[in-house]
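Here the structure is a predicted model, which means the values were calculated and not measured. Below, all heavy atoms of this structure are taken into account, side chains as well, without hydrogens, waters or symmetry copies. In what follows, chains carry the letters A, B, and so on, assigned in the order in which the sequence lines appear, proteins first and then strands, with residues in each chain numbered from 1.
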Number of protein chains: 2
Amino acid sequence: MKLKMEMALDTKECWNCPIKHQAVCARCEPDELARLEDIKYYRNYEAGQPVIWSGDHMEFVASVVTGIASLSQTMEDGRTQMVGLLLPSDFIGRPGRDSAPFDVVAVSDLTICCFRKKPFEELMTTTPHIGARLLEMTLDELDSAREWMLVLGRKTAREKIASLLAIIARRDAALKKHAPKDGMYFDLPLTREAMADYLGLTLETVSRQISALKKAGIIELDGKRKVVIPSLELLINETGDDMDGGPIV
Amino acid sequence: MKLKMEMALDTKECWNCPIKHQAVCARCEPDELARLEDIKYYRNYEAGQPVIWSGDHMEFVASVVTGIASLSQTMEDGRTQMVGLLLPSDFIGRPGRDSAPFDVVAVSDLTICCFRKKPFEELMTTTPHIGARLLEMTLDELDSAREWMLVLGRKTAREKIASLLAIIARRDAALKKHAPKDGMYFDLPLTREAMADYLGLTLETVSRQISALKKAGIIELDGKRKVVIPSLELLINETGDDMDGGPIV
DNA sequence: GCGTGACTTTGATCAGGATCAAACCGGGTA
DNA sequence: TACCCGGTTTGATCCTGATCAAAGTCACGC
């Protein structure tokens with residue numbers, strides 16, 4: 001039951017049909033696709049650029065095509081908490097509400113596929129399975145958010161870091177379409193500060209815990225941003241989760 | 001944009017139609033209601049009783065009728081994190097998945113209205129607006145969960161307690177169908193331990209911070225479980241949130 | 001009344017992360 | 001080459017909340 005966060009991240013799909021890792025896939029029925037083509041357009045952002053500020057009026061909903069965006073909130077005194085990472089195929093915005101509840105910022109270079117909201121909402125009413133897929137995706141995201149609440153509320157700094165690395169390792173393996181395995185190697189897409197904001201820590205603590213995991217032989221670093229996992233089992237031991245989070249697909 | 005948690009709690013509705021504060025309301029079209037009557041049944045639990053354990057097979061979805069339940073997860077070493085409070089009209093379970101992702105426990109005496117899953121899923125496909133309402137409710141819950149991540153990740157113990165009290169105050173006022181106002185009085189439905197599990201604190205810290213808020217005149221206690229809020233503004237100042245979380249309806 | 005048990009409060013001490021501060025590293029550029 | 005700048009590491013110290021421990025409160029049953 002644990003590590004569901006990772007599972008949810010592993011199984012993102014085209015929101016229009018059940019094809020994995022595509023924002024909009026080629027299998028969608030032609031007439032629907034045609035209607036989508038009609039109302040969609042693309043936007044590009046550079047790393048660090050804001051996409052939407054909390055409270056902004058949103059005239060579109062969108063889907064991440066490539067890159068990573070973050071969803072976050074900031075208190076007046078500057079404390080910020082990231083509440084989600086938006087990966088390819090993740091949905092941005094919500095039908096039926098027109099002001100954004102959170103800030104969306106491009107973490108890496110980012111391309112999103114936008115759909116004008118009104119026509120998209122009409123499409124939803126005439127094409128029920130889109131609503132059904134959206135419900136399914138939203139329920140998965142809700143489960144993920146709740147899993148993350150355990151990380152934020154109850155895990156130690158070291159467990160938090162290990163949990164984040166385990167998630168990124170799994171997602172990365174899924175994107176490359178192979179199982180995560182011992183010795184795997186991946187790129188850390190986040191700065192220490194972004195990791196801190198995601199984990200409810202300070203960047204110094206993040207840095208120290210990464211150093212500690214390195215010293216303990218749980219991870220190896222190649223430069224600052226590339227990570228090798230000698231043993232997945234050792235890493236997952238550090239997360240505080242048990243191992244039955246489903247098979248490491 | 002802040003205090004959306006409270007807003008979401010304020011506006012729970014019948015999931016079958018947009019009537020507030022009812023699990024299933026009388027306005028639903030007669031034929032649908034008839035079909036619902038066909039597949040529904042009630043269950044009662046005493047305070048403290050488990051409703052579902054994480055991983056259990058769920059043969060029903062349900063809706064809270066009266067009382068409060070908690071949604072929580074527990075690590076092997078016993079650390080537990082509550083990830084949601086289920087109040088009247090909240091939905092339990094999810095169409096399309098048959099094992100529960102979290103523990104559900106009755107916090108107070110509890111009545112839920114169950115619907116056998118298979119027929120409910122059929123009903124959803126034949127009655128699209130039920131799916132639409134469920135999507136809307138799920139999106140609200142997702143926003144609430146993400147708001148709570150800020151509380152867990154970035155707020156101090158005192159701010160956490162104040163945030164929880166503010167939420168309960170608003171919900172309580174909403175249930176009594178009047179605006180929360182200075183001097184309002186309500187019942188604290190949670191033990192110190194349950195509050196701690198919700199806030200990612202220990203029960204001693206909860207107790208100490210409640211004492212501190214009392215000493216500071218932010219709240220008054222009548223016994224252990226009844227609270228008076230002399231000034232809502234003072235309380236909200238303590239939450240760390242700004243005041244623009246919408247009007248205190 | 002008395003005891004019992006669940007819940008709560010309070011005290012003393014400890015430790016995990018935060019904070020403040022300085023140095024380091026690597027890449028870009030003048 | 002020297003410089004700068006964003007990101008990172010490391011060190012010293014502080015403080016919030018955890019932990020360990022004991023006592024208080026209240027409702028209940030005998």
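- Here Thr205(A) does not reach the OP1 or OP2 of dG17(C): none of its side-chain N or O atoms lies under 4.0 Å away.
- Residues forming a side-chain hydrogen bond (donor to acceptor under 3.5 Å, both in side chains) with Arg225(B) (at least two apart in sequence, or on another chain): none.
- Residue Arg225(B) has a polar side-chain atom (N or O) positioned under 4.0 Å from OP1 or OP2 of dT8(C).
- For the pair Arg158(A) and Val206(B), nearest-nucleotide mapping onto DNA chain C gives the more 5' position to Val206(B).
- Among residues at least two apart or in separate chains, salt bridge (charged side-chain N to carboxylate O under 4.0 Å, His left out) pairs with a member in residues 194-218 of chain B are Arg154(A)-Asp197(B).
- If you take CG of Leu201(B) and C1' of dG16(C), they are 15 Å apart, rounded to a whole angstrom.
- Close approach of DNA chain D to chain B, defined as any atom under 4.0 Å from a non-hydrogen atom of the protein, starts and stops at dG17(D) to dC20(D).
- Phosphate contact (OP1/OP2 of dT10(C), side-chain N/O of Ser211(B), threshold under 4.0 Å): present.
- A straight line from NZ of Lys224(A) to C1' of dG27(C) spans 13 Å, rounded to a whole angstrom.
- Checked against side-chain contact (heavy atoms from CB on, under 4.5 Å), Lys226(B) has the following partners two or more places apart in sequence or in another chain: Tyr185(B), Asp187(B), Asp222(B).
- Residues that satisfy the side-chain hydrogen bond (donor to acceptor under 3.5 Å, both in side chains) test with Gln209(B), not counting sequence neighbours, are absent from this structure.
- As a whole-Å value, the separation of Leu199(A) CG from dG17(C) P is 12 Å.
- Across the protein-nucleic acid pair, Leu221(B) atom CG and dT10(C) atom P stand 10 Å apart, rounded to whole Å.
- Rounded to an integer number of Å, the gap from CD of Gln209(A) to C1' of dG17(C) is 9 Å.
- Whole-Å rounding puts the Lys214(B) NZ to dT10(C) C1' distance at 12 Å.
- At the heavy-atom level, Thr202(B) lies under 4.0 Å from base atoms of the strands shown.
- Per the geometry, CZ belonging to Arg192(A) stands 14 Å off C1' belonging to dG26(C), to the nearest Å.
- Across all strands shown, Ser207(B) has heavy atoms under 4.0 Å from base atoms, whether or not it also approaches the sugar-phosphate.
- Summarising the geometry of Gly48(A) relative to Val105(A), their closest heavy-atom pair is O-CG1, 3.6 Å, with the distance given to 0.1 Å.
- Partners of Asp56(A) according to the side-chain hydrogen bond (donor to acceptor under 3.5 Å, both in side chains) rule, which considers only residues two or more places apart in sequence or in another chain, do not exist here.
- By the 4.5 Å heavy-atom criterion applied to side chains, Arg79(B) and Glu159(A) are counted as neighbours.
- Nucleic acid contact class of Gly200(A) (heavy atoms, under 4.0 Å, all strands): sugar-phosphate only.
- Taking atom CD of Glu204(A) as the reference point, atom C1' of dT19(C) lies 7 Å away to the nearest angstrom.
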